[in-house]
Amino acid sequence: MISKSRGRTIESVNLNLTSMMDMFTIILVFLIFSFSSQDQNLRLDPDLTLPESIAAIEFKWAINVNATPTELRVEGNTVSKIKGGVFTDVKVDMDKKRVVPLYNLLKKFKDIEDREKVNPTGDETVIAFQADKNLPFETIDLIMKTAAQAGYPNFRFVVLKK
Amino acid sequence: MAGKREAEKPVDLNMVPIMNLFLAMIPFLLMCAAFFQVSVINASVPALSEGGDEGSEPKKELQKITLQLQITDSGFTISASGDQSPDELKNLAGTIPKKGNQYDFEKLAERAKALHDKYPKSDTVIFLPAKGVLYETLVQAMDATRERIVDKKLDRREFLFTNAIVSSIL
């Protein structure tokens, strides 16, 4: 469209949106492919590096226990500090193989679970265990044995898909 | 003549509504996008179970073994338990030493496949890592014994020892 104003000719410019549309289409297709509809109450801990695995089982409802190189957390709350794979500021009963505060907390969870129906899936509650890939096995073992004694012998190791 | 010229004139599509739609969809999809995918491995710790009927003789299961895998500084040590004769079980045992500084997961996967082919009803493996073995090594050993990817494109898998129990060497 050409219009005249004070003797000067003003031409309205039509923007060519084709290249932008192309870009948006590519972004949209990429995002649709990476869209995840998984039901996840899982909060990945930024302080730890998960190991990679070829496992393809989807995540389900569970109690989150995270072992980072520096802390042990249950549902995001710090239970103990860890230094070099050793629990530093809490009582560890080596005879019974249990981290005492972790045992007490999980036992409380178990009692509540037994009283009220907490697990929405109705299955036996398991522990979703996120641990740093460089933690030594004795730390992992102690956490697993503690949880098992508190009534949670089944675990789901959270891993990154290869 | 004038009518022909008008017919040849290219039509400009109104892209604005499509652009609006794209602009609304992209932030939503960005929020829901999973740039890394999380998966899980089922595992359990050994538990005491109540014995069955004492009067009845348990049925022998000759197509089934329970694999035991020790992970030590020197490599893997495999042994098996089951209803087979002690000699047969002894023949299944073996070691897979480290390849240089690395654990030989390929050989472990081959051995697990061979054992599962021989005893196809087997599904249980007990991991016995030594002190100091890294969690990553345990996960990789679990991968090697649990399943084999037959076709990566079609995601076809052959399942081996799917029931993983994690214990420790006393």
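Values below: all heavy atoms of this structure, side chains included; hydrogens, waters and symmetry mates excluded. In what follows, chains are A, B, ... by sequence order, proteins preceding strands, each numbered from 1.
Heavy-atom contacts from other residues, nucleotides or ligands closer than 6.0 Å to NZ of A/K96 number 12 or fewer. The number of heavy-atom neighbours closer than 6.0 Å to CD of B/E158, taken from other residues, nucleotides and ligands shown, is above 12. For NZ of B/K113, the number of neighbouring non-hydrogen atoms (other residues, nucleotides, ligands) closer than 6.0 Å is greater than 12. The number of heavy atoms from other shown groups lying within 6.0 Å of NZ (B/K64) does not exceed 12. The local environment of NZ in A/K83 is sparse, with at most 12 non-hydrogen atoms from other residues, nucleotides or ligands closer than 6.0 Å.
Taken together through direct or relayed side-chain contacts under 4.5 Å among Ile, Leu, Val, Met, Phe, Trp and Tyr, A/I140 and A/Y103 form parts of separate hydrophobic clusters. Grouping the Ile, Leu, Val, Met, Phe, Trp and Tyr side chains by contacts below 4.5 angstrom, directly or via other members, places B/L108 with B/Y103. Residues B/I65 and B/F159 do not share a hydrophobic cluster, defined by chaining ILVMFWY side chains whose heavy atoms lie under 4.5 Å apart. A continuous path of ILVMFWY side-chain contacts below 4.5 Å connects B/L67 to B/I71, so both sit in one hydrophobic cluster. No chain of hydrophobic side-chain contacts below 4.5 Å, direct or via other Ile, Leu, Val, Met, Phe, Trp or Tyr residues, connects B/L23 to A/I26.
No donor-acceptor pair under 3.5 Å is formed between the side chain of B/R146 and the backbone N or O of A/I54.
Distance CE/A/M20 to CE/B/M19: 4.0 Å, rounded to 0.5 Å. Going from atom CD of B/Q140 over to atom NZ of A/K133 covers 9.0 Å, rounded to the nearest 0.5 Å. Atom CD of A/E52 and atom CG of B/D143 lie 10.0 Å apart (nearest 0.5 Å).
The nearest pair of heavy atoms linking A/P51 to B/Y135 is CG-CE2, 3.6 Å. Of all non-hydrogen atoms in B/L29 and A/L31, the two that sit nearest each other are CB-CB, 3.6 Å. The heavy-atom pair separating B/G132 from A/P136 by the smallest distance is CA-CB, 4.3 Å. Taking all atoms of both residues into account, the shortest heavy-atom contact from B/F22 to A/M21 is CE2-O, 4.2 Å. Scanning all heavy atoms of the two residues, the minimum distance from A/F137 to B/A130 falls at CB-O, 4.0 Å.
The shortest distance between side-chain heavy atoms of A/F155 and B/V45 falls below 4.5 Å.
Neither the backbone nor the side chain of B/T137 comes within contact range of chain A; no heavy atoms are under 4.5 Å apart. For A/T25, the parts lying near chain B are the backbone and the side chain together; criterion is any non-hydrogen pair under 4.5 Å. Only the side chain of B/M142 comes within contact range of chain A, with heavy atoms under 4.5 Å apart. For B/V139, the part lying under 4.5 angstrom from a heavy atom of chain A is the side chain only. Both the backbone and the side chain of A/L28 come within less than 4.5 Å of a heavy atom in chain B. For chain B, the nearby part of A/D141 is the side chain; its heavy atoms alone come within less than 4.5 Å. Heavy atoms closer than 4.5 Å to chain B are found nowhere in A/Y152, neither backbone nor side chain. Only the side chain of B/I149 comes within contact range of chain A, with heavy atoms under 4.5 Å apart. In this structure, the portion of A/I27 lying under 4.5 Å from any heavy atom of chain B is its side chain and not its backbone.
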What verdict does the side-chain contact (heavy atoms from CB on, under 4.5 Å) test give for B/I26 and A/F24, after you've listed the backbone C-alpha separation in whole Å, the side-chain angles of each residue and the deciding distance to 0.1 Å? CA-CA 8 Å; B/I26 285 173; A/F24 272 13; 4.1 Å; yes
Could you give me the CA-CA distance, side-chain angles and deciding distance for A/M144 and B/V166, then say whether side-chain contact (heavy atoms from CB on, under 4.5 Å) is met? CA-CA 9 Å; A/M144 289 180 79; B/V166 181; 3.9 Å; yes
List the steps and the verdict of side-chain contact (heavy atoms from CB on, under 4.5 Å) for A/R156 and B/I41. CA-CA 5 Å; A/R156 292 204 176 102; B/I41 301 172; over 6 Å; no
Check the pair B/S39, A/L160 against side-chain contact (heavy atoms from CB on, under 4.5 Å), reporting the backbone distance first and the verdict last. CA-CA 6 Å; B/S39 179; A/L160 291 180; over 6 Å; no
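Among the candidates A/T49, A/I127, A/L135, the residue making the largest number of heavy-atom pairs closer than 4.5 Å to chain B is A/L135. With chain B as the partner, the residue from A/S53, A/G85, A/A147 showing the most heavy-atom pairs under 4.5 Å is A/S53. Across B/L138, B/N42, B/I165, the residue that shares the most heavy-atom pairs under 4.5 angstrom with chain A is B/N42.
With no hydrogens or angles considered, a side-chain donor-acceptor pair links A/K145 and B/S168 at under 3.5 Å.
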